[in-house]
Amino acid sequence: MRQFVVIGCGRFGASVAKTLYSLGYDVLAIDKSEERIQEISDSVTHAVQADAVDENALRTLGLRNFDVAIVSIGSDIQASIMATLIAKELGIKKVIAKAQGELHGKVLYKIGADRVIFPERDMGVRVAHNLVSSNILDYIELAPDYSIVEIATMEEWAGKTLRELKLPTRYGINVMAIKHGKDINISPYADDVINADDVLIVIGNNEDLRKLEKKS
């Protein structure tokens, strides 16, 4: 079974970690905040309080055995860079790192990140670079068989609740978050209504996502 380590358990990191765990994967969550580790401990396989820039601590946790690392450290750019570098040096096959901006992203790529993501980047930039006429706005490959996708609300989804849409059953996808303008709901409930201009952040099997893309 593929194993994931999430380094940094803020909003984005915690959402990724919990979703991967809910899909049946082994997930190790690491954060230097004891409070964040306590909050996420019941929603992942293992949760450990550790400093992401402490190479010995990460080595002791057996990071070399993990297939994918998601470095999701928030405002501390230096820690983000160090954690990415350590993850690569420890031999993790795929390292995905969250960047604060373009310069940060360039540095992450230069030190070996396999993929750099910009969760706070303006949606307009993503739409402008979308080469196909599709509802898919952004695509983050987590592993050969799973990805996170931002998808604009389809016409037939508008005005319905997540419970009514039954997306996990119909499309094999799980909704991680809902964007409504500048607001983001990172813990959507089954009775939350999807608006026509909402953007859904979903995770799913690549094969199911491809079917969804064709439909859109």
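With a 4.5 Å cut-off on side-chain heavy atoms, V202 and I148 do not count as touching. Looking at heavy atoms from C-beta onward, I37 lies out of side-chain contact with V48 at the 4.5 angstrom threshold. You'll find the side chain of I173 stays beyond 4.5 Å of the side chain of V149, heavy atoms only. Residues H180 and N185 form no side-chain contact, since every pair of their non-hydrogen atoms from C-beta on lies 4.5 Å or further apart. Between V71 and I96, the closest side-chain pair of non-hydrogen atoms is not below 4.5 Å. Within the 4.5 Å cutoff, the side chain of V175 has heavy atoms near those of the L167 side chain.
Follow the hydrophobic side-chain contacts under 4.5 Å out from L85 and you never reach L58; the two are in separate clusters. Cluster annotation: V6 is connected to V68 through the hydrophobic network of ILVMFWY side chains, with a link wherever side-chain heavy atoms come within less than 4.5 Å. L90 and F4 are assigned to two separate hydrophobic clusters, defined by single-linkage of ILVMFWY side chains at heavy-atom distances under 4.5 Å. A continuous path of hydrophobic side-chain contacts links L61 to I86 [ILVMFWY only; heavy atoms under 4.5 Å]. No continuous path of ILVMFWY side-chain contacts below 4.5 Å connects M82 to Y109, so the two sit in separate hydrophobic clusters.
Residue pairs meeting the side chain to side chain donor-acceptor pair (under 3.5 Å) criterion with at least one member in residues 43-58, sequence neighbours excluded, are E55-R59. Among residues at least two apart or in separate chains, there is no side chain to side chain donor-acceptor pair (under 3.5 Å) pair with a member in residues 12-21. Within the structure, every pair that satisfies the salt bridge (charged side-chain N to carboxylate O under 4.0 Å, His left out) test and touches residues 21-50, not counting sequence neighbours, is listed here: D31-R36. Identified under the salt bridge (charged side-chain N to carboxylate O under 4.0 Å, His left out) test for residues 67-92, with sequence neighbours left out: D67-K93, K88-D114. Within the structure, salt bridge (charged side-chain N to carboxylate O under 4.0 Å, His left out) contacts touching residues 190-204 (residues at least two apart or in different chains) are R163-D191.
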Practice prompt. Could you walk me through whether I70 and V5 pass the side chain to side chain contact (heavy atoms under 4.5 Å, CB included) test, one step at a time?
Written response: CA-CA 6 Å; I70 298 102; V5 55; over 6 Å; no
Fill in: Test log, rule side chain to side chain contact (heavy atoms under 4.5 Å, CB included), inputs I81 and H104
CA-CA 8 Å; I81 292 168; H104 183 196; 4.1 Å; yes
Worksheet item: For S80 and L108, what are the C-alpha separation, side-chain angles and deciding distance, and is it a side chain to side chain contact (heavy atoms under 4.5 Å, CB included)?
Response: CA-CA 8 Å; S80 159; L108 290 169; 3.8 Å; yes
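Scanning all heavy atoms of the two residues, the minimum distance from I92 to L63 falls at CG1-O, 3.3 Å. Minimum interatomic distance between N174 and P168 (heavy atoms only, all atoms of both residues): OD1-CG, 4.0 Å. Contact detail for A17 and V44: the closest heavy-atom pair is CB-CG1, 3.9 Å. Looking at every heavy atom in both residues, I73 comes nearest to Q100 through O-NE2, 4.3 Å. The two residues K98 and F12 make their nearest non-hydrogen contact at CD-CD2, 4.0 Å. Nearest heavy-atom pair, E164 versus G159, reported as atom, atom and distance to 0.1 Å: OE1-O, 4.5 Å.
For K106, the side chain to side chain contact (heavy atoms under 4.5 Å, CB included) criterion is met by no residue, not counting sequence neighbours.
Distance check: I184 CD1 to M176 CE gives 9.0 Å after rounding to the nearest 0.5 Å. Once rounded to the nearest 0.5 Å, the distance linking CG of L28 with CD1 of I7 reads 8.0 Å. The OG1 atom of T153 sits 8.0 Å away from atom CD1 of I178, with the distance rounded to the nearest 0.5 Å. Atoms OG and CG, on S147 and L209 in that order, are 6.0 Å from each other to the nearest 0.5 Å. For the atom pair L165 CG and W157 CH2, the distance stands at 7.0 Å (nearest 0.5 Å). Note that the NZ atom of K166 and the OG1 atom of T161 stand 10.0 Å from one another [nearest 0.5 Å].
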